[in-house]
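The next block holds one structure in the form of structure tokens; read it before the comments.
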Amino acid sequence: MSPAEPAVAPPRLAVDAREFRPGVRTGIGRYLREVLRAASLDGWSCLAYGDAGARLDPPLPGVDWRVLDGSWTQWWIR
């Protein structure tokens, strides 16, 4: 990269990860886990967020986890 070219930030990905429940396996959850794994390995900045009952277990390297305060409402998906 030459000094005249601006630095480009890596792509960012944030996902609703309420599918990640301890002891529960779903097709959507598996797909979401693989998307996060592939994006983080490719250098993307990844964030998974959920409610108090969701867990990213086992953790994925390069994926940040956040628990959103408050209970789930219909507005989460709007």
For this session: Find out if a path of hydrophobic residues (ILVMFWY) with successive side-chain heavy-atom gaps under 4.5 Å connects Phe20 to Leu47.
Result: no
Exercise. For the atom pair CD (Glu19) and CZ (Arg25), what is the distance rounded to the nearest 0.5 Å?
Worked result: 13.0 Å
Seminar exercise, completed: Between Cys46 and Ala39, the two heavy atoms sitting closest are SG-CB, 3.8 Å
Seminar exercise, completed: Closest non-hydrogen contact found for Trp65 with Ala17 is CZ3-CB, 3.6 Å
Problem set entry | Exercise: identify the closest heavy-atom pair between Ser40 and Arg37 | OG-O, 3.0 Å
For this session: Can you measure from CZ (Arg33) to OG1 (Thr26) and round to the nearest 0.5 angstrom?
Result: 10.5 Å
Exercise. Under 4.5 Å between side-chain heavy atoms, hopping through other hydrophobics if needed: is there a path connecting Leu41 to Val35?
Worked result: no
For this session: Evaluate the side-chain proximity of Trp44 to Pro10: yes if any heavy-atom separation is below 4.5 Å, no if none is.
Result: no
For this session: Mind checking the CG-CD1 spacing from Asp16 to Ile28? Nearest 0.5 Å is all I need.
Result: 10.5 Å
Problem set entry | Verdict with supporting geometry, Leu32 and Val15, side-chain contact (heavy atoms from CB on, under 4.5 Å) | CA-CA 8 Å; Leu32 183 54; Val15 297; 3.7 Å; yes
Problem set entry | Test item: Arg12 side-chain N/O and Ala9 main-chain N/O as donor-acceptor pair under 3.5 Å | no
Exercise. Does Asp51 use its side chain to pair, donor to acceptor, with the backbone of Gly53 at less than 3.5 Å?
Worked result: yes
Exercise. For the atom pair OH (Tyr49) and CG (Asp64), what is the distance rounded to the nearest 0.5 Å?
Worked result: 14.5 Å
Problem set entry | Val63-Val67 co-clustered via ILVMFWY side chain contacts under 4.5 Å | yes
Exercise. Can you tell me how far CG of Leu36 sits from OH of Tyr31, rounded to the nearest 0.5 angstrom?
Worked result: 10.5 Å
Exercise. Taking 4.0 angstrom as the limit, do Asp57 and Arg21 come out as a salt bridge?
Worked result: no
